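Remember, predicted model here, so these are calculated numbers, not experimental data. Counting starts at 1 for both ligands and their atoms, following the listed order.
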Amino acid sequence: MWSDVPAVPHVSLGRWADVVVVAPASANLLARAAAGMSDDLLTASLLTATGPVIMAPAMHTEMWEHPATRANVATLRSRGVQVIEPAVGRLTGADSGAGRLPEPDDIARLVEDALQPPARDLLGRHVLVSVGGTREDLDPVRFLGNRSSGRQGFAVVERALARGAEVTAVVGTVEVAPPPGARVIAATSAASMRESMLAEQARADVIVMAAAVADFAPERTEAIKIKKVDDRDPDPIRLVRNPDILVELVSHRSAGQVIVGFAAETAASEEELLSLARAKRERKGCDLLVVNDVGGERVFGREDTSVRVLGADGHVLVEASGAKSTAADAVLDEAAKLLPPLPPARG
Ligand code: CTP
């Protein structure tokens, strides 16, 4: 680093790079970068970097959540460093939790964005997204839930932010952290998700119902824990239908508001998948329906996906496979085409 002085690599590398990516970024590196240290090639290059800097943290959950690390991340972000939220999952050793190195596809996507910023075609628009699964309480300790991880919903949130939108995320049960920059409203049950979505509807230009909403809830939620009785079969659990949030949103939509539904289906063939999707789009009345095949572990909780976006006439407008962010961009592309032009800026 210091020997070949005429080349001064600790200065030249940072200047030369169009973008700097630190992956993995340890807790130690985040601390040293936040403090502006420059005692090795990496930190010196960070101080001389002239282009965007992206850091992909990887560490144990306790380190990621420690106030010192939180403060370092906040400092770096305030200086414009893009610190990605770590993934949740298996860590080094037997541990698992938040702190896993983000997926290479997600890091690559941010590098692409840094090199060629996405069109800010949603600037001035409000996008409302429901994310994750819902949880219907049986008693104070038990619930009925589903396998939605929230990755697809958060991918829509992240891409809408990248394209300039103001984004509100109504978030149910999820396995991953929301991307920074969105306004987040927690809503765990289908009833609270409905309430939040309807309350937020009026401001939205685009609404994306990416959440996996429970169709049924227990008829009653016991106030005290349901106990087993040794010599008796358990009481059956009676379920009642939850309201369909998407259908309600469509019935209250304002002029020009674009409403997108999602459909996760298990189908034996492409034709069956599309005919289920067409029937669902008609039932729900949404402008766009994003359909994916979830048979056999194919989508839930995974990093990648394969979707088709159906228009109001039942035609497949676009197909997208790969990272969930690629699918999210395809959905937003179609939604953007349906938006009425923004009124001319005043003043
Ligand atoms: N949805 C909703 N409220 C519900 C159920 C579903 O808003 N109570 C929304 C989902 O967020 C999704 C779309 O409707 O955008 C389709 O969800 P899906 O579960 O596939 O539809 P269902 O009507 O429940 O159909 P199915 O009988 O196939 O479960």
Please state which part of R194 comes within less than 4.0 Å of ligand 1, counting heavy atoms only: side chain, backbone, both or neither.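 Neither; no heavy atom under 4.0 Å.
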At under 4.0 Å between heavy atoms, is it the side chain or the backbone of C286 that contacts ligand 1, or both, or neither?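 None of C286 does.
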Which residue and non-hydrogen atom of the protein lie closest to [atom], and at what distance in Å?
atom	answer
atom 6 (C) of ligand 1	K284 NZ, 3.7 Å
atom 16 (C) of ligand 1	F262 O, 2.8 Å
atom 5 (C) of ligand 1	D215 OD1, 3.3 Å
atom 25 (O) of ligand 1	K280 NZ, 3.1 Å
atom 3 (N) of ligand 1	I245 N, 3.0 Å

Electrostatic pair D235-R232, nearest N-O below 4.0 angstrom: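 A salt bridge links D235 with R232.
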Inspect the contact between R77 and E85 and indicate whether a charged nitrogen and a carboxylate oxygen are less than 4.0 angstrom apart. yes
Please identify which atoms of ligand 1 are closer than 4.0 Å to at least one heavy atom of [X].
X	value
G261	15 (O)
D244	1 (N), 2 (C), 3 (N), 4 (C), 7 (O), 8 (N), 23 (O)
A211	10 (C), 11 (O)
L246	2 (C), 7 (O), 9 (C), 13 (C), 14 (O), 15 (O)

Test item: side-chain donor near acceptor, [X] and [Y], under 3.5 Å:
X	Y	value
T168	R183	yes
S78	T75	no
Q201	Q257	yes

Pick out which of D113, T326, V167 makes a side chain to side chain contact (heavy atoms under 4.5 Å, CB included) with R159.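 Single pass found, and it is D113.
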Hey, does A210 sit under 4.0 Å from ligand 1 if you only count heavy atoms?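 No heavy atom of A210 comes that close to ligand 1.
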So between E265, R283, M209, whose heavy atom ends up nearest atom 15 (O) of ligand 1?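 Shortest heavy-atom distance from atom 15 (O) of ligand 1: M209.
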Pick from A190, A212, P243, G153: the one approaching atom 8 (N) of ligand 1 most closely through a non-hydrogen atom: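 It is P243 whose heavy atom sits nearest to atom 8 (N) of ligand 1.
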Does NZ or CZ of R70 fall inside the cone over W64's six-membered ring, less than 6.0 Å from its centre and within 45° of the axis?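 Yes, R70 lies over the aromatic ring of W64.
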Audit row: R32, D40, salt bridge (Lys or Arg N to Asp or Glu O under 4.0 Å) steps and yes/no: CA-CA 10 Å; R32 291 171 0 94; D40 62 8; 2.6 Å; yes
Hey, mind stepping through V127 and D205 against side-chain contact (heavy atoms from CB on, under 4.5 Å) and telling me if it holds? CA-CA 6 Å; V127 177; D205 297 295; over 6 Å; no
